[in-house]
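Order of appearance sets the numbers: ligands from 1, and atoms from 1 within every ligand. Quick note: numbers below take in every heavy atom, side chains included, and nothing from hydrogens, waters or symmetry partners. Quick caveat, the model's predicted, so the values are computed rather than measured. Residue numbers count from 1 along this sequence.
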Amino acid sequence: MGERVVVRYLLPPGSEAGATDVLGTLRSRDEQSLVVESAFGSVTIPRRSVVAAKDVPPPPSRAGPAHKRVGVDDLEALMATGWVALEQSRLGSWLLRSTPGFTGRANSALPLGDPTLPLGRAVDFVEKWYRERGQDPMFQLPGPVGFDPADTQVGAHLLGRRYTVRGGHAPGRHVQVMTAPLGALPPLTEQSPPVLGDARLQPEWLIAYGESRTVVPGVTERVLTGGRGQLFMSVKDETTGRTVGIARMAIHPGWAGIFGLWVRPGHRRRGIATAVVSAIGMAARDNNMLALYIQVSSENAGGIAFWEGLDFTRHHDYLYLAPAES
Ligand SMILES: CC(C)(COP(=O)(O)OP(=O)(O)OC[C@H]1O[C@@H](n2cnc3c(N)ncnc32)[C@H](O)[C@@H]1OP(=O)(O)O)[C@@H](O)C(=O)NCCC(=O)NCCS
């Protein structure tokens with residue numbers, strides 16, 4: 001759900017053409033029908049008429065290589081399918097997400113495009129949705145690099161309702177979304193430590209992840225494994241067998257996402273993270289992907305230096321906004 005798809009389906013008997021294609025976002029799916037939101041409106045397709053369906057990469061919104069030409073909203077929509085909350089709901093094309101105690105992304109509303117209500121009523125709806133779940137509302141607001149939320153329509157509205165940027169207005173509050181072309185990644189070399197890739201989430205991987213951030217047992221596992229496809233990469237210390245480096249690769253049509261890259265402090269600056277990313281690059285090549293994305297806090301100077309060294313550039317930013325009293 002929420003993925004960009006192309007669906008070929010049979011037209012009713014007597015139609016001039018036998019079949020047609022629709023390209024758009026998959027909005028709902030049940031035993032009877034699919035609903036695809038296309039540029040020309042919503043199309044409901046009976047299941048029995050579907051000939052073929054395929055997910056496709058986001059469309060280009062400007063000239064340039066794949067990792068630069070994607071639009072902010074399209075990349076945000078794609079990334080949201082790589083980190084899926086336990087409970088998700090839609091208000092038009094806004095996405096509402098809730099997950100007990102685990103990550104801002106999985107506990108915030110993503111206001112992309114048209115909520116199908118006037119802005120004030122749409123925000124009322126979001127606030128009610130979160131309050132019904134015992135949570136304070138929070139918005140994940142995307143915008144251009146270094147943007148001021150007051151310069152966006154939704155941001156200005158939220159600030160007018162006494163929302164503030166979570167953690168204050170320091171420039172460091174921006175989360176940077178960085179992208180790179182697949183070709184930029186270095187190949188694995190003979191000196192690279194062996195990198196294991198596993199489609200299943202193994203206990204050792206989860207233990208290492210739990211050392212890098214706060215996890216919520218029973219919840220974190222479901223978010224980590226909740227995308228359409230993911231690979232869990234790890235590097236083990238050759239002497240102790242202990243996991244010393246990890247990352248999660250999210251698999252999308254045409255794109256790969258990298259989440260949770262972490263190297264145990266005593267093992268840093270030995271090329272482990274580079275090897276993990278190179279291994280992700282190999283898996284991405286096997287899956288015909290062209291571009292990669294990562295998300296990194298502006299406060300994480302070391303992380304940014306690492307990504308810049310691999311030719312990742314800042315595509316856009318996002319900020320979290322929540323009511324001032326929360
Ligand atoms: C960022 C991180 C994953 C790097 O892991 P690593 O195994 O030490 O990285 P590598 O050894 O492959 O580093 C390759 C190059 O990246 C750059 N780099 C890595 N860490 C850096 C740092 N802290 N400061 C500046 N540059 C850094 C250097 O150019 C380095 O090459 P060099 O050691 O020859 O100078 C690791 O520091 C870490 O786990 N940090 C905490 C979690 C994190 O920030 N994750 C990424 C955020 S999305």
Side-chain angles (χ1 to χ4, degrees), residues 67 75-76 78-80 82-83 102-106 140 142 145 167 171-180 182 184-197 204-215 220 223-224 227 230-240 242-252 255-284 291-320:
H67 70 290
L75 183 52
E76 281 291 336
L78 177 103
M79 294 193 306
W83 194 256
F102 187 61
T103 76
R105 266 168 291 169
Q140 182 201 334
V145 168
R173 297 303 166 200
H174 288 89
V175 178
Q176 304 187 13
V177 176
M178 301 178 86
T179 60
L182 188 59
L185 298 189
L188 286 165
T189 67
E190 284 186 1
Q191 285 74 46
S192 305
V195 182
L196 308 171
E204 306 82 54
W205 195 101
L206 194 58
I207 290 167
Y209 187 67
E211 288 183 43
S212 71
R213 59 160 306 135
T214 308
V215 296
T220 299
V223 174
L224 290 170
Q230 44 267 314
L231 271 182
F232 297 93
M233 303 296 192
S234 56
V235 171
K236 290 190 192 300
D237 180 280
E238 285 185 356
T239 323
T240 62
R242 197 173 184 208
T243 299
V244 292
I246 52 164
R248 169 182 179 268
M249 171 188 185
I251 299 170
H252 303 278
W255 281 80
I258 305 178
F259 293 81
L261 176 68
W262 177 80
V263 173
R264 197 175 288 284
H267 289 73
R268 292 183 185 166
R269 306 304 281 263
R270 298 187 203 168
I272 291 178
T274 303
V276 169
V277 175
S278 298
I280 288 175
M282 281 179 60
L292 302 105
Y293 68 80
I294 63 100
Q295 301 164 63
V296 59
S297 160
S298 289
E299 289 165 330
N300 185 351
I304 292 169
F306 171 78
W307 293 117
E308 284 178 346
L310 293 175
D311 276 347
F312 278 74
T313 51
R314 203 163 164 182
H315 182 276
H316 69 272
D317 290 349
Y318 63 80
L319 288 165
Y320 288 108

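- In this structure, atom 39 (O) of ligand 1 lies nearest to the protein heavy atom Val263 N, 2.8 Å.
- When all heavy atoms of Thr179 and His67 are compared, the pair lying nearest together is OG1-O, 2.8 Å.
- Considering only non-hydrogen atoms, atom 3 (C) of ligand 1 lies nearest to Leu261 out of Ile294, Leu261, Ile246.
- Looking only at side-chain heavy atoms (C-beta outward), Phe259 and Val223 stay at 4.5 Å or farther from each other.
- Relative ring orientation between Trp205 and Tyr209 is described as parallel, the plane-to-plane angle staying below 30° on a 0-90° scale split at 30° and 60°.
- The shortest contact between atom 48 (S) of ligand 1 and any protein heavy atom is with Trp307 NE1, 3.4 Å.
- Looking at atom 23 (N) of ligand 1, its nearest protein heavy atom turns out to be Gly302 CA, 3.5 Å.
- Atom 21 (C) of ligand 1 has as its closest protein heavy atom Arg269 NH1, 3.4 Å.
- Of the polar atoms of Thr274, at least one N or O is found under 3.5 Å from an N or O of ligand 1, judged by distance alone.
- Residue contacts with ligand 1 for Asn300 involve side-chain atoms from C-beta outward but no N, CA, C or O (heavy atoms, distance under 4.0 Å).
- With hydrogens left out, the protein atom closest to atom 37 (O) of ligand 1 is Arg268 CD, 3.3 Å, a heavy atom.
- The protein heavy-atom contact nearest to atom 11 (O) of ligand 1 is Gly271 N, 2.8 Å.
- Nearest heavy atom pair, residue Val296 against residue Met178, reads CG1-SD, 3.8 Å.
- Distance from atom 6 (P) of ligand 1 to its nearest protein heavy atom, with residue and atom name: Ala273 CB, 3.6 Å.
- Contact annotation: for His267 versus ligand 1, there are no heavy atoms closer than 4.0 Å.
- Between Tyr293 and His252, the angle of the ring planes lies from 30° to 60°, which puts this pair in the tilted group.
- The Gln295 neighbourhood of ligand 1 comprises atoms 48 (S), with distances under 4.0 Å to a heavy atom of that residue.
- In this structure, of Gly309, Ala305, Ser278, the residue bringing a heavy atom nearest to atom 25 (C) of ligand 1 is Ala305.
- Within the 4.0 Å cut-off (strictly below), a protein heavy atom is located near atom 33 (O) of ligand 1.
- Across all non-hydrogen atoms, the minimal contact from Gln230 to Gly227 is OE1-N, 3.1 Å.
- Looking at atom 13 (O) of ligand 1, its nearest protein heavy atom turns out to be Phe306 CD1, 3.8 Å.
- Close approach of ligand 1 to Arg270 is summarised as follows: ligand atoms under 4.0 Å from at least one heavy atom of the residue are 11 (O).
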